[in-house]
Amino acid sequence: MSPSAALGPGASQVVGERQEALLEVDGLVVHYRITGAGKVFRKHETVHAVDGVSFDLAPRETLGLVGESGCGKSTTGRTVLYLERPTSGRVRFEGRDLSELTPGELTALRSRMQIVFQDPIGALNPRHTVGQLISEPLRVHDLVPKARRRERVEELLGLVGLPADAASRFPHEFSGGQCQRVGIARAIAAEPALLVLDEPVSSLDVSVQAQILQLLVDLQERLGLAYLFIAHDLAVVGEMSDRVAVMYLGKIVEIAERDALYARPHHPYTQALFSAVPVPDPAVRTGRDGAVVSGEVPSSLSPPPGCRFHTRCPLAQERCRAEEPSLEPVGQGHEVACHFAEAAATARPFGRLATDG
Amino acid sequence: MLALRLQGCGPDQGPSDGRADVVLSYLLQRVLSLLFVLLLATVGIFAMMHSVPGGPFAFSQGDLTKVAMHNIMAKYGLTEPVWRQYLNWIWQLMHGYLGIPFEEPTMTVNHLIATAWPITLIIGGLTIAVSYSLGLLLGVVAAIRHNTWVDSLITAVVSTAGIALPNYVIGFLLIEVFAVKLGWLPVGGWGSPADVVLPVIAFSLYPLALMERYTRASTLEVTYADYVRMGRARGLSGRRILFNYVLRTSLIPLITIMGPNIPNILTGSIFIEATFGLPGLGSYFTNASLHRDYPLIMALVLIVAALWGACYIISDLAYAIVDPRVRLEGLSR
Amino acid sequence: MTTVQVQLEPAKRASTSFWHAAWYRYRRNRLSVVAGAVALVILVVAVVAPWVAPYREATIDLTHVLARPTWHHWLGTDEIGRDTLTRLIWGDQTSMSVAIGAPLVGALIGLPLGILGGWFGGALDWVVLRLIELFTMVPTILAALLFITVFGVSVWKLALFIGITLWVGFARLARAQYLALRDRDFVQAARAGGVPTWRIILVHILPNAAGPVIVYFVQQIPYTIFTAAGFSFLGLGIQDPTPDWGKMINDAETYLATDPLLVFVPVVAIALACLSFSFVGDGLRDALDPTSK
Amino acid sequence: MTDDLAGARVGPEGTGAGAAPLLEVRGLRVAFPLERRTVYAVQGLTFEVHAGERLGIVGESGSGKSVSAQSIMRMVPFPGKVTGGQVLFEGRDLLGIPDAAIRSVRGSKIGMVPQNPLSSLNPVITIEAHFREVLSRHLGLSRSEARVRAVELLGSVGIPDPAQRLHEYAHRLSGGQRQRVIIALAIACRPRVLIADEPTTALDVTIQAQILQLFDELVAGANLGAVLITHNLGIVAAHCDRVVVMYAGRVMETAPVVELFRSPSHPYTVGLLRCVPRVAMHKARVFATIPGLPPQVTELRDGCPFAPRCDRVSEQCRRETPALADIAPGHALACWNPVTDAAARAEAASV
Amino acid sequence: MSEEHPEVVRPTGRNGLPDMSRRNFLAAGGLGAAGLLLGGRAGSLFESHLRDVAKARVASASKVLGLAPAQMQFYSTYNNSVGQTYKALDFYETVYSRAPNADLFNIGLVRLNNNFKLVPGAAQSWSQTSPTTWEFKIRPGIMWSDGNELTAKDFVETFRYSADPKHAWDFSWYWSGIIKNYTEAVAGKAPLSSLGVGVGKDKYTFVVTTEAPIAYMPNAMLYSYPLSAAGLAKYGNGLYNIDPATCITCGPYTLRTFDPTAHVVLQPNRKYTAPFKPYIQYPIAKIYSGTYQVPLFETGEVDTVQSAPPNTQDGSLYKSDLETVKTMPKINKLPVYMNPQDFRIYYVAFKTKKKPFTDPRVRQAFAHAVNRQALISSLLAPVAVPAYGYLAPGYPFAVSKPLEKYTNYDTRLAQKLLADAGYPGGKNFPTTTLSYPAAEVLSSTLTGSVVQALVATWNAVLFNGNPTILLQELDNTTFYSKMEAHPTQLDMAFCTYGMDYFDASNMLSVYKSGGRHDWDNAQYDNLLAQGAAQSNPAKRQEIYTEAQTLLTKDAPGVFLWHGLYAFLYWPFVQGPALAKNDLGYDGVEWPGYISDMPEQLWIGSNYRSYPRAGAGGLI
């Protein structure tokens with residue numbers, strides 16, 4: 001594939017054999033201009049939040065989007081819903097290009113794609129009751145006649161495992177996990193086809209985390225939802241996703257079927273992530289027998305040239321500093337953006353991975 | 001020197017090139033925008049003043065005949081169309097000349113301000129010194145003794161004195177007690193050092209109360225910050241924690257809160273000046289307005305506006321200097 | 001394991017809405033409760049002034065000028081024989097009309113402007129900011145003088161004039177609130193849910209911005225009482241024969257040495273009103289913003 | 001460092017030569033009297049830490065683990081109060097000594113690494129000033145000595161170009177770097193004990209790995225006694241020698257780390273282990289959960305706090321509080337109906 | 001207090017003089033003054049041939065009078081500068097904005113004595129040489145401080161300067177219609193040289209030509225403090241006197257300090273040669289912008305509180321101030337001096353050209369519905385007397401008692417008149433606003449009280465208690481610009497007027513057609529013209545009585561009261577100037593410094609017994 005593949009239409013070829021993608025994201029770029037210091041007049045600087053991301057998502061499928069903070073995964077999630085307008089690139093949902101829709105059409109389409117946020121409490125308007133919160137999509141999209149709304153709200157509450165009397169309460173009366181249930185209830189109230197889950201469990205306690213993940217799995221089965229599951233935790237992503245995309249500094253560095261990726265991660269960064277996951281087994285002492293990835297994520301204001309990971313990659317060569325790798329297939333539906341993908345997969349620069357064992 | 005201490009921006013927010021340039025560009029933008037607004041303000045005030053019934057000589061000159069009135073108006077250039085007068089004013093202004101006050105035509109406005117403003121500045125400067133320092137002290141003490149009787153006492157007394165009574169009422173009471181009944185201090189007027197005492201007290205109470213409240217709130221907020229706890233966890237002494245950790249950060253926001261109050265104080269209070277018979281800038285404000293003294297009003301507006309603009313810019317810069325986290329953001333706020 | 005039913009703790013109170021919680025927090029502050037009661041009395045008296053005042057507001061009795069308190073005149077009379085208690089009660093109505101009316105005007109002008117600037121940003125925000133600067137620059141006293149000279153003065157006009165000088169604060173506050181709330185998750189969630197912009201602004205953000213605005217509003221009340229009294233002091237305030245506390249002080253100041261009660265009564269009234277509204281404001285601030293100390 | 005070594009050092013009985021523990025907490029109780037109720041955050045916490053040992057305190061939010069750490073330094077936030085127990089450091093009860101004395105222990109004998117590195121450095125003083133004030137207060141170093149030492153310390157925690165960094169303010173550093181600075185500050189005066197309260201929660205996984213690696217190195221290098229507070233069992237497994245599992249302000253189970261993971265006996269420990277998401281080869285569709293929520297204890301009542309969520313609950317659990325009792329050397333448990341089923345244990349330990 | 005300090009001069013006789021005869025008193029005063037000149041420090045004050053007089057005589061004279069040592073001969077007065085600005089020091093520079101004590105600078109042609117009788121000033125004598133010509137003989141030998149002699153030329157140049165349109169003098173109406181070609185000159189339609197002023201047969205003769213026969217010309221000449229012709233020529237205007245360096249005067253004083261916001265201090269003119277010699281060496285006007293007359297006086301900050309700004313009602317002591325004085329033990333036993341100053345009238349003017357005030361019965365109804373006595377006794381006493389006509393008792397040609405019947409308090413008559421005019425019981429009477437000028441900053445709001453009482457009475461008596469007459473307070477500028485507009489924009493206006501010179505023609509001309517108010521009455525205009533030309537006092541009295549009767553009967557305004565002014569002096573301020581005059585008034589009367597007061601007022605040596613703040617470094 002040509003270096004410009006990330007921006008071109010060819011990106012969808014990756015999953016070319018699968019038909020009827022629910023969501024197609026093509027060469028998505030989101031840049032923010034911020035006011036920087038400047039000589040006499042303000043100089044604008046650009047945050048490269050998302051820099052050419054392409055993927056697609058089939059109905060009922062879960063795509064995990066994993067990466068560290070600032071890699072652009074949340075921005076991607078929001079831009080997919082057109083909560084933010086992309087600087088360039090295309091988002092097609094159910095075959096319609098979102099950029100071509102009128103604001104009214106977009107609003108109408110929003111009932112088909114919903115989002116669940118990381119901070120369960122912050123995502124709920126503290127001044128509204130749970131009932132108001134859940135019935136709002138019903139009202140806005142006029143999905144259910146007014147008389148039936150209450151009934152529907154109770155139904156939804158039941159669906160996410162909350163008692164009916166929760167409807168009259170306010171978010172602050174609930175724990176984080178319960179709030180997340182409310183957030184999910186609100187998201188599914190509009191009967192969406194796609195749910196963007198933006199780190200839905202990362203602020204929850206482990207015992208509660210599992211409850212929410214279970215709920216999400218159940219709902220997917222019952223309602224036939226597609227999930228774009230955003231997380232920084234490979235373990236959680238691994239438990240939820242059919243396919244996983246790894247992002248680094250605004251780009252997808254590796255995307256593959258879940259099992260393929262977990263079995264044999266190619267990109268050194270993916271491997272670094274795997275190696276860093278703490279494993280609840282004293283026998284597996286991650287990072288002790290292998291090297292921990294060094295350094296930190298560079299500033300997204302001036303991403304490094306060439307391969308963006310080269311500053312931290314133990315395998316980096318001259319070519320990595322100069323030439324930006326594009327996503328290349330290394331297997332069935334498995335693409336890696338690394339000049340030395342195959343070598344890296346074998347070299348295992350970060351030693352033992354969490355999956356090993 | 002000033003510019004060099006400015007920090008650029010956060011770790012992931014790119015280069016912090018040209019710190020002096022940041023200040024320069026910030027200043028340029030602010031000043032330009034302020035000038036623009038100032039121009040609007042002067043046009044507005046000029047137009048409004050001329051639409052008010054009665055001219056500058058309507059009352060004070062008694063039963064003037066039409067002809068005599070015309071003579072006077074002509075003498076001060078008031079027979080010209082208003083737009084023309086405005087342009088004349090702007091032209092004079094650009095030469096640093098503010099015209100002749102109709103109320104004191106034996107002086108220029110520049111001279112009048114040069115004689116009246118120092119009085120206001122002395123009162124205002126002392127007021128700022130007294131109220132800000134005392135308010136700060138009381139606020140900090142109240143915050144340290146949070147939830148104790150000391151806190152309640154300070155807050156109650158300061159609020160009552162500073163917030164519950166108009167300052168001229170306090171002025172009356174002070175005069176009644178300290179000048180008339182006790183005879184310790186002059187009733188009013190200007191000349192001896194004793195003349196400043198009562199006006200400064202009366203004028204200080206409100207800003208003092210403000211300062212106390214803001215300081216207390218801000219200090220309390222910082223008292224529970226993570227880094228203060230960490231300072232304690234490193235075994236630092238209470239005094240060090242108070243000065244280097246709590247106050248050093250808690251007082252920073254006060255710059256932006258109390259800074260813009262400074263022009264109000266430095267341009268004087270009509271109430272204080274009238275109560276104590278001080279021939280300061282504030283009293284000219286009322287007289288000029290009541291007597292339609294256009295050049296004087298325009299000059300006073302200019303002073304207030306310019307001072308206000310300057311205080312805003314300075315407090316912004318000061319904020320950026322004392323708080324390394326802050327970036328100058330051009331035209332926001 | 002598939003359907004997990006969550007147990008809710010039994011509700012301790014019928015409903016613990018935000019406002020109930022705020023009311024609970026407010027009630028804890030004894031000073032604010034007392035101040036609230038005083039403020040309430042002041043407001044109620046203002047409303048029922050025509051029925052509780054012992055005399056008509058403009059009743060003049062030249063045979064009883066500067067009378068000491070008697071059974072007929074509980075607080076004595078003023079220099080033209082008007083009952084001080086009557087004037088105090090009627091003055092309450094006037095003063096409170098201005099004290100509440102002016103912040104109301106300020107809020108009505110300032111909030112929409114601040115909201116527009118804060119929510120939409122860009123050029124609109126630029127204009128709002130310049131307007132704010134413009135109004136901050138022009139000295140309040142001068143603006144009010146000009147207004148009053150051009151349009152004359154009445155209770156409602158005074159409220160309007162002072163209100164016009166107050167809008168800047170409301171606009172600043174609303175702008176800051178909307179800027180802060182604009183990027184909050186729940187607003188994003190509403191947008192994601194396809195909620196129309198007007199509904200987000202009014203139904204989602206406004207109630208959340210209400211706390212600081214209410215607090216600011218209450219804090220402006222003492223300020224307004226001051227300012228109105230100041231205008232009376234300059235001879236530009238409420239006009240005779242309408243009674244007004246500021247005017248009462250100004251009129252009575254001449255009699256400070258001979259009839260101190262005449263000054264004392266309105267001074268106490270103003271102080272009480274300012275203090276009570278100020279403490280109510282403090283109480284509300286703590287109650288509406290649980291994180292503040 | 002091997003499992004065997006860690007196991008050998010663990011526990012009062014297991015400790016070689018009966019060396020006195022560096023830090024010993026006995027029956028610690030902390031309560032927060034709030035307006036309407038009192039939260040009993042810690043109820044009788046007991047543990048000890050030896051030199052070179054890394055003690056993990058693990059629990060969910062509200063389990064009282066952070067408060068425990070704070071009370072060791074006598075820094076329970078207002079309105080919390082230590083209502084009972086002892087904190088013995090080198091044989092001295094820190095809860096009883098005067099304020100001045102505790103101040104000279106803090107930062108000097110016991111170092112602390114907080115949860116949120118982003119807000120834990122004074123934003124208006126430079127990194128150098130942070131070092132200077134600690135070094136001059138506890139070690140009486142001069143300005144220039146302090147600078148030299150600070151550069152050394154920053155270098156030792158892996159901050160590149162340390163001399164340059166000294167002049168920076170905290171906000172110019174990344175989260176990972178800030179945490180390194182804080183660690184450097186914590187060890188600046190060569191403390192005997194290091195308390196790390198969720199030191200990596202706010203950090204990315206790759207940085208987390210770096211910081212934990214640093215933590216291990218420091219503990220080993222200086223033979224510190226370390227307390228690592230975390231909710232992440234994965235971190236416990238990799239970076240602790242002994243574990244205390246807390247729930248609702250009480251110790252549920254304590255054991256050497258290998259022992260705990262090999263044979264978890266408390267139903268809560270078992271449940272917790274089963275809930276932990278793992279990087280597995282295949283996608284999971286069924287998740288192990290503990291129903292209900294971690295409680296906040298607002299009244300003192302007899303009975304096991306975990307009883308409402310426990311699948312092995314009996315009448316006794318609701319009536320009587322189980323005492324912490326040894327079931328094996330170094331392995332203590334507070335449970336009436338411990339998990340003994342090897343299969344269940346095995347399932348919990350590795351899914 | 002007077003027991004403790006027997007030297008305090010208190011009027012005891014009927015004519016207000018102490019036991020010592022007036023002549024003796026003056027002689028002693030003259031001696032004392034002379035002695036002071038010698039006794040003064042820093043060289044003698046006046047270059048006088050009295051230098052040879054023995055010091056013993058000085059001492060004795062001082063003893064007789066109880067005079068203070070020379071350096072204590074300052075006198076400070078209170079001036080309220082709120083709303084008042086002081087632009088210059090010369091009458092012919094500005095009238096309304098001239099600084100306090102300015103009139104002490106120069107000597108006018110004529111002066112008044114204590115009893116308002118015209119006495120020679122710079123002019124020794126004057127005569128009407130033709131019906132339209134007056135000649136004033138200037139006393140030779142009066143020197144300007146720049147060494148020139150005062151001559152008729154100075155007066156000619158002063159008058160010409162006053163009519164100069166470029167100068168735009170604010171008092172030019174005063175001479176309009178009196179001095180020939182004055183109106184035209186002010187309008188720029190006639191050259192200044194055509195003005196009816198000139199030098200007569202010698203340089204000491206000042207000739208004034210009038211438009212019409214003017215009988216009261218010498219009275220009008222009270223305002224003739226000259227500017228120096230040399231000064232005018234050199235500086236082009238009269239502002240040279242605001243700077244001590246360029247100040248040129250022919251009076252007893254020159255300028256020491258001019259600070260229009262704080263104080264005006266005069267000092268002796270060393271070149272002064274005129275025969276009128278004051279005792280006070282340093283008249284100091286302290287200018288305060290507060291209302292603390294009484295406290296300032298009480299603390300000894302000023303020697304007297306005395307202030308009567310020309311156009312405001314405020315500045316003197318009120319009933320309330322006098323009540324306050326009673327609470328102050330240090331001063332509550334001091335005598336209060338009372339006099340009418342400018343014989344001020346307070347009244348409500350109607351817009352007579354607009355219904356319902358076109359009907360004289362309506363106006364009369366309002367006039368009869370006011371209980372002046374009650375108003376005064378409860379609000380104003382003792383500083384007011386009821387007004388039935390426009391002229392105050394004691395003012396030339398004033399009649400009062402005979403006018404009472406036209407305007408006395410008679411509610412039935414008032415109601416009947418209103419009913420006759422078509423408004424029985426006040427029905428159908430349009431709601432009308434009474435406007436009044438706002439008090440200046442911080443000044444007393446007496447006006448507000450009075451108008452409220454007025455309006456309340458009218459509404460009660462005429463309108464059955466319905467609020468038909470409303471009140472409107474306007475700031476001064478707006479009020480006067482609206483009131484004096486032609487046609488006036490105020491239906492009812494509360495106004496006041498004080499005299500400019502001591503003759504009925506002055507006050508009465510306010511109601512001339514085309515004057516201040518919109519009332520036109522040909523008969524009245526005719527009477528005024530006759531009165532102005534008539535030189536026989538008895539006949540003038542007849543004419544002016546008729547004019548006053550007409551004015552009161554037709555009631556273009558409701559005349560309410562004449563103001564009196566109350567003054568306090570510390571007992572060390574002494575002299576016959578304070579004694580009761582023929583009209584029964586005491587204290588320094590109008591026109592103060594242009595009367596013979598300076599020679600009749602001094603500081604007694606008993607000043608040490610009182611709290612005197614001192615001159616505060618001003619001298």
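Every chain is numbered from 1 and lettered A, B, ... according to where its sequence line falls, protein lines coming before strand lines.
- Nearest heavy atoms, D/I182 versus B/M230: CG2-CE, 4.4 Å.
- Within 6.0 Å of atom CZ in D/F32, more than 12 heavy atoms from other residues, nucleotides or ligands are found, so the atom counts as buried in its surroundings.
- Between D/P114 and B/D226, the closest side-chain pair of non-hydrogen atoms is not below 4.5 Å.
- Listed by sequence position, the residues of residues 127-137 of chain B in contact with chain D number zero, using a 4.5 angstrom heavy-atom cutoff.
- The OH atom of B/Y227 lies 9.0 Å from the NE2 atom of D/H130; values are rounded to the nearest 0.5 Å.
- D/E133 contributes atom CD, which lies 4.5 Å from atom CG of B/L236 (distance to the nearest 0.5 angstrom).
- Most heavy-atom pairs under 4.5 Å with chain B: of the set D/H138, D/Q177, D/M73, this distinction falls to D/H138.
- Only the side chain of D/Q70 comes within contact range of chain B, judged by heavy atoms closer than 4.5 Å.
- Contact annotation for B/R240: only side-chain heavy atoms (C-beta onward) come within less than 4.5 Å of a heavy atom of chain D.
- In this structure, D/I125 and B/Y245 have side chains that are in contact, with non-hydrogen atoms separated by less than 4.5 Å.
- Looking at B/A233, the atoms closer than 4.5 Å to chain D (heavy atoms on both sides) sit in the backbone and in the side chain alike.
- The neighbour count for D/E145 CD, taken as heavy atoms of other residues, nucleotides or ligands under 6.0 Å away, is above 12.
- Most heavy-atom pairs under 4.5 Å with chain D: of the set B/G235, B/S237, B/G231, this distinction falls to B/G235.
- The candidate with the highest count of non-hydrogen atom pairs below 4.5 Å against chain B, out of D/N116, D/L118, D/L185, is D/L185.
- Listed in order of number, the residues of residues 104-112 of chain D that approach chain B to under 4.5 Å between heavy atoms are D/R106, D/G107, D/I110, D/M112.
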